[in-house]
Asker: 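I have a structure I would like to understand better, so I am pasting it below and will then ask my questions one at a time.
Residue numbering restarts at 1 for every chain, and letters A, B, ... go by the order of the sequence lines. Bear in mind that the values here come from a model prediction, so they are computed numbers and not experimental data.
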Amino acid sequence: MIDLRAARADPGPVRAALARKGAADAFDRLLEADVRWRALVPRVDELRAKTKLKGKPTPEQLDELQAVKSELRAAEDALATVEAERDALALRVPNPPHDEVPDGASEDDARELRRVGEPPELAEPRDHLELGRFEMERAARMSGARFGYWVGDTARLALALYRLALDRLSAKGFVTVLPPVLVREAALVGTGAFPSDEANVYELPEDDLYLAGTAEIPVASLHAGEILPVDELPLRYVAFSTCFRREAGAAGRDTRGMIRVHQFNKVEQFSLTPPEQSWDELELLLQNTEELVHDLDLPYRVVVLPAGDMSSASAKTYDVEVWFPSQGRYRETASISNTTDFQARRLQIRFRGQHGPEPVHMLNGTAVVDRMALAILENFQGDVPAALLPYGAPERVIVRSP
RNA sequence: GGAGAAGUGGCCGAGUGGUUGAAGGCGGCGCCCUGCUAAGGCGUUAGGUGGGGUAAUCCCUGCCUCGAGGGUUCGAAUCCCUCCUUCUCCGCCA
């Protein structure tokens, strides 16, 4: 949710920023509905004021009140209609991108910040399907395409990866969370996943519940509706969860292997900060992710996503992309975003500032994800980085059958 | 799944149809008092939103909000309905 009052006071810059996300039109329609809404408010307020009495009315007053009331009903209905239109439009306006975010809407428009580590020289790299045990055909017979079992050493590698990330972040003061992954619609609206990315969310209509595509969804709602004491900020969490995505619109992409599946596990960082601290916090979350990838000896690069390729909630997103030898390119394995006050407005998470309650800023970022375990398999062709050995990973992933 | 009770401001907690957006307490903030500390005194302190004024972090003013949404009534925190949540008991269960 954008700051509507600020936007109508000075719409120019907001509109220009939103145009970079392709949302200038949505913004215009919102402002137009807002104008109509504000035009109706004074009349309704005036009629409501007329209905207020301090004691029992006289018979003459009663007659007058009846007349006012029917007029008021009509005015309130009109207001409610316009208000619903305005609110629906407001949900469709994304968070304006930060000035440093590049233009463009495709992956190719991302701005590369740096490359760290050297891709390995491999004559004939085997891919993760050969190096790990995923049982994709058996999974497909059970659950369909884009599912896989992690079995044996392969599973232990993944578990060690999660434990490494959870331990590291816990040591940095992030509070560990195991959240619910079945959530109501409000949690998805609150993070901006609805209505912008509705098609990618699994729904359980019998129970009015949805499967969260990331721990960001339930963790963002942890403090929904609260006014937080300022001395408790920043609040930092690290959550482990299974993530579910329909991958609608990804037909034909990454059809081979475990790169893009409907269900995966992720360790996610999440911060709530005062507004003036959120850009430093974004760098901190990125640094945490880079440390993990670096300590896993994975070659990677960092990019800034272009305005049109970010989520609706994000003002600026860094992706950490790890080298995949079987594909000969870097692939996204982490996404770190500052949603500024966008989610905080929707979820009404505030802190008590100098001049009353203000929305906090909220940030989320991948720490580690299953896809990194695939990269580990491919970059070291089955050998396991030393950092994972204390967490129960095998020194070398051996695939046994059946 | 069945039966019952309850949801009020940052927190606790009064309030069963009309000067109640809401007593009192705690916490917070300001001032005073006291070598320091502790204690004490006085005052202040819900959120949202529309409009107006100003150099303004400010002031004036309208409206909405007592879990959410509907309804009854001239008038609802208070009565009715639906939903959500919490607690107690029973049943089931990793």
Side-chain angles (χ1 to χ4, degrees), chain A residues 1-11 30-91 93 178-190 194 203-210 217-218 221-235 240-242 272 274-276 341-360:
Chain A
M1 191 81 73
I2 62 167
D3 184 344
L4 187 53
R5 213 184 316 191
R8 68 184 167 225
D10 189 15
L30 172 61
L31 283 191
E32 183 273 326
D34 182 55
V35 166
R36 283 189 289 135
W37 177 80
R38 280 187 298 151
L40 293 174
V41 166
R43 181 65 181 148
V44 170
D45 284 0
E46 185 190 327
L47 289 169
R48 278 174 177 161
K50 277 193 192 171
T51 65
K52 293 194 167 182
L53 293 178
K54 285 185 177 173
K56 287 186 182 175
T58 63
E60 307 82 70
Q61 281 179 313
L62 269 182
D63 290 341
E64 195 187 322
L65 282 168
Q66 294 285 17
V68 171
K69 199 175 162 181
S70 69
E71 201 179 342
L72 176 60
R73 273 194 193 244
E76 280 184 329
D77 285 351
L79 181 68
T81 302
V82 174
E83 193 165 285
E85 284 172 27
R86 185 196 65 169
D87 293 349
L89 289 165
L91 285 181
V93 174
L178 297 172
V181 294
L182 287 179
V183 301
R184 291 220 185 89
E185 187 179 25
L188 293 154
V189 172
F194 277 15
E203 181 180 5
L204 284 68
E206 288 285 298
D207 299 288
D208 284 327
L209 290 170
Y210 301 84
I217 309 274
S221 286
L222 185 55
H223 293 287
E226 297 182 21
I227 298 177
L228 302 163
V230 69
D231 56 2
E232 281 184 19
L233 298 178
L235 280 168
F240 171 86
S241 84
T242 302
L272 299 90
E276 65 276 10
D341 60 358
F342 186 86
Q343 295 180 333
R345 278 182 197 285
R346 292 185 173 210
L347 292 164
Q348 294 181 67
I349 304 178
R350 293 166 291 177
F351 71 100
R352 215 166 270 289
Q354 283 289 310
H355 313 292
E358 287 180 55
V360 298

Asker: Please list, one pair per line, the donor and acceptor atoms closer than 3.5 Å that link side chains of residues 81-88 of chain A to other protein atoms, with sequence neighbours excluded.
Answerer:
residue : atom : partner : partner atom : Å
A:Thr81 : OG1  : A:Asp77 : O            : 2.9
A:Glu83 : OE1  : A:Trp37 : NE1          : 2.7
A:Glu85 : OE1  : A:Arg36 : NH1          : 3.2
A:Glu85 : OE1  : A:Arg36 : NH2          : 2.8

Asker: For B:U85, does OP1 or OP2 lie under 4.0 Å from any side-chain N or O of A:Arg184?
Answerer: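 Answer yes for this pair, as a side-chain N or O of A:Arg184 is under 4.0 Å from OP1 or OP2.
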Asker: Stem list for RNA chain B, please, built from Watson-Crick and G-U wobble pairs under 3.5 Å and keeping only runs of at least 3.
Answerer: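 Stem list for RNA chain B: B:1-7 with B:84-90, B:10-12 with B:24-26, B:27-32 with B:40-45, B:46-53 with B:58-65, B:67-71 with B:79-83.
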Asker: Considering only atom C1', compute the distance from B:G9 to B:G15 and round it to an integer number of Å.
Answerer: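 It works out to 14 Å between them.
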Asker: If the C1' atom of B:C60 is compared with that of B:U54, how far apart are they to the nearest Å?
Answerer: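 It comes out at 11 Å once rounded to the nearest Å.
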Asker: Phosphate oxygens OP1/OP2 of B:G48: is one of them under 4.0 Å from a side-chain N or O of A:Arg350?
Answerer: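 For A:Arg350, the contact criterion (side-chain N or O under 4.0 Å from OP1 or OP2 of B:G48) is met.
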Asker: How long is the span from the CZ atom in A:Arg48 to the CD atom in A:Glu76, to the nearest 0.5 Å?
Answerer: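 One gets 4.5 Å once the value is rounded to the nearest 0.5 Å.
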Asker: How long is the line joining CH2 of A:Trp37 and P of B:C64, in whole Å?
Answerer: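 Atom-to-atom, A:Trp37 to B:C64, this comes out as 13 Å.
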Asker: Taking B:U45 as the reference, what is the distance to B:U88 when you measure between their P atoms (whole Å, please)?
Answerer: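 Looking at atom P only, B:U88 and B:U45 are 38 Å apart.
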Asker: Closest approach to the side chain of A:Pro357, judged atom by atom: which nucleotide of B:U49, B:G47, B:U85 is it?
Answerer: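 So the nucleotide nearest the side chain must be B:G47.
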Asker: If you measure from the Lys or Arg side-chain nitrogens to the Asp or Glu carboxylate oxygens, is any gap between A:Arg345 and A:Asp3 under 4.0 Å?
Answerer: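 Between A:Asp3 and A:Arg345 there is a salt bridge, with a charged N closer than 4.0 Å to a carboxylate O.
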Asker: If you measure from the P atom in B:C92 to the same atom in B:G17, how many Å do you get, rounded?
Answerer: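 It works out to 45 Å between them.
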Asker: I need the CZ-P distance between A:Arg48 and B:U65, as an integer number of Å.
Answerer: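 In whole Å, B:U65 P lies 7 Å from A:Arg48 CZ.
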Asker: Expressed as a whole number of Å, how far does the P atom of B:G21 sit from that of B:G27?
Answerer: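 My reading of the P atoms in B:G21 and B:G27 gives 28 Å.
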Asker: Can you tell me how far P of B:G47 sits from CD of A:Glu358, to the nearest Å?
Answerer: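 A:Glu358 atom CD is separated from B:G47 atom P by 13 Å.
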Asker: With rounding to the closest Å, how many angstrom separate the P atoms on B:G28 and B:A38?
Answerer: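 Pairwise P distance, B:G28 against B:A38, rounds to 12 Å.
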Asker: About how many Å separate CD of A:Glu32 and CG of A:Asp34, when rounded to the nearest 0.5 Å?
Answerer: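 That separation rounds to 9.5 Å.
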Asker: Please measure how far the P atom in B:G69 lies from the corresponding atom in B:U78, and state the result in whole Å.
Answerer: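 The same atom, P, in both gives a distance of 13 Å.
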Asker: Could you please name the option among B:G10, B:G51, B:C63 that lies closest to any side-chain atom of A:Ala49?
Answerer: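 Of the options given, the side chain of A:Ala49 lies nearest B:C63.
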Asker: Sequence neighbours excluded, which residues qualify as salt bridge (charged side-chain N to carboxylate O under 4.0 Å, His left out) partners of A:Glu226?
Answerer: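 Residues passing salt bridge (charged side-chain N to carboxylate O under 4.0 Å, His left out) with A:Glu226: none at all.
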Asker: Taking atom C1' in both B:G13 and B:G7, compute the distance separating them and give it to the nearest angstrom.
Answerer: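 Their C1' atoms lie roughly 13 Å apart.
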Asker: Return the value, rounded to whole Å, for the distance between atom CZ of A:Arg352 and atom P of B:G27.
Answerer: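 To the nearest whole Å, that distance equals 16 Å.
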Asker: Rounding to an integer number of Å, can you tell me how far A:Asp34 CG sits from B:U49 P?
Answerer: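 Value for this atom pair: 12 Å.
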Asker: Enumerate the protein-to-nucleotides 66-72 of chain B contacts in which both atoms are nitrogen or oxygen and the separation is below 3.5 Å.
Answerer:
none

Asker: If the condition is salt bridge (charged side-chain N to carboxylate O under 4.0 Å, His left out), which residues does A:Glu71 pass it with, not counting sequence neighbours?
Answerer: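 Partners of A:Glu71 by the salt bridge (charged side-chain N to carboxylate O under 4.0 Å, His left out) criterion, ordered by chain and then number, come out as A:Arg43.
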Asker: For A:Arg346 and A:Ala187, indicate whether the former's side chain and the latter's backbone hold a donor-acceptor pair under 3.5 Å.
Answerer: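 Not at all, since once roles are kept as given, no pair shorter than 3.5 Å links the two residues.
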Asker: Between B:C74 and A:Lys50, is there an OP1 or OP2 to side-chain N/O distance shorter than 4.0 Å?
Answerer: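 False: A:Lys50 side-chain N/O out of range (4.0 Å or more) of B:C74 OP1/OP2.
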Asker: Mind calculating the distance between CD (A:Gln348) and P (B:G48) to the nearest angstrom?
Answerer: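 After rounding, the gap between these two atoms is 9 Å.
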Asker: Measuring from A:Leu222:CG to A:Ile217:CD1, what's the distance to the nearest 0.5 Å?
Answerer: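 Going from the CG atom of A:Leu222 to the CD1 atom of A:Ile217 covers 14.0 Å.
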Asker: In whole angstrom, what separates A:Leu72's CG from B:G75's C1'?
Answerer: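 In whole Å, B:G75 C1' and A:Leu72 CG are 13 Å from each other.
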Asker: Taking A:Ser221 for the side chain and A:Pro218 for the main chain, is one N or O donor matched with an acceptor at less than 3.5 Å?
Answerer: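 Not confirmed, A:Ser221 side chain does not pair with A:Pro218 backbone.
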Asker: Both A:Lys69 and A:Asp45 contact RNA chain B. Taking the nearest nucleotide for each, which residue is further toward the 5' end?
Answerer: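 The residue mapped nearer the 5' terminus is A:Asp45.
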Asker: Looking at CG of A:Leu188 and OH of A:Tyr210, how far apart are the two atoms once the value is rounded to the nearest 0.5 Å?
Answerer: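 Here the interatomic distance stands at 7.5 Å.
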Asker: For A:Asp207 and B:C83, give me the distance from atom CG to atom P, rounded to whole Å.
Answerer: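 Taking CG of A:Asp207 and P of B:C83, I get 15 Å after rounding.
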Asker: Roughly how far, to the nearest 0.5 Å, is the CG atom of A:Leu347 from the NE2 atom of A:His223?
Answerer: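 Atom-to-atom, A:His223:NE2 and A:Leu347:CG are 11.5 Å apart.
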Asker: With 3.5 Å as the limit, what N/O pairs link the protein to nucleotides 91-93 of chain B?
Answerer:
none

Asker: Name the residue closer to the 5' end of RNA chain B, choosing between A:Val41 and A:Ile227 according to the nucleotide with the nearest heavy atom.
Answerer: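 Final value for this comparison: A:Ile227.
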Asker: Got a sec: does the CZ of A:Arg73 have more than 12 other heavy atoms crowding it under 6.0 Å?
Answerer: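 Atom CZ in A:Arg73 is not crowded, with 12 or fewer foreign heavy atoms closer than 6.0 Å.
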Asker: Could you grab the distance from atom CG of A:Asp207 to atom CZ of A:Arg184, nearest 0.5 Å is fine?
Answerer: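 CZ of A:Arg184 is found 10.5 Å from CG of A:Asp207.
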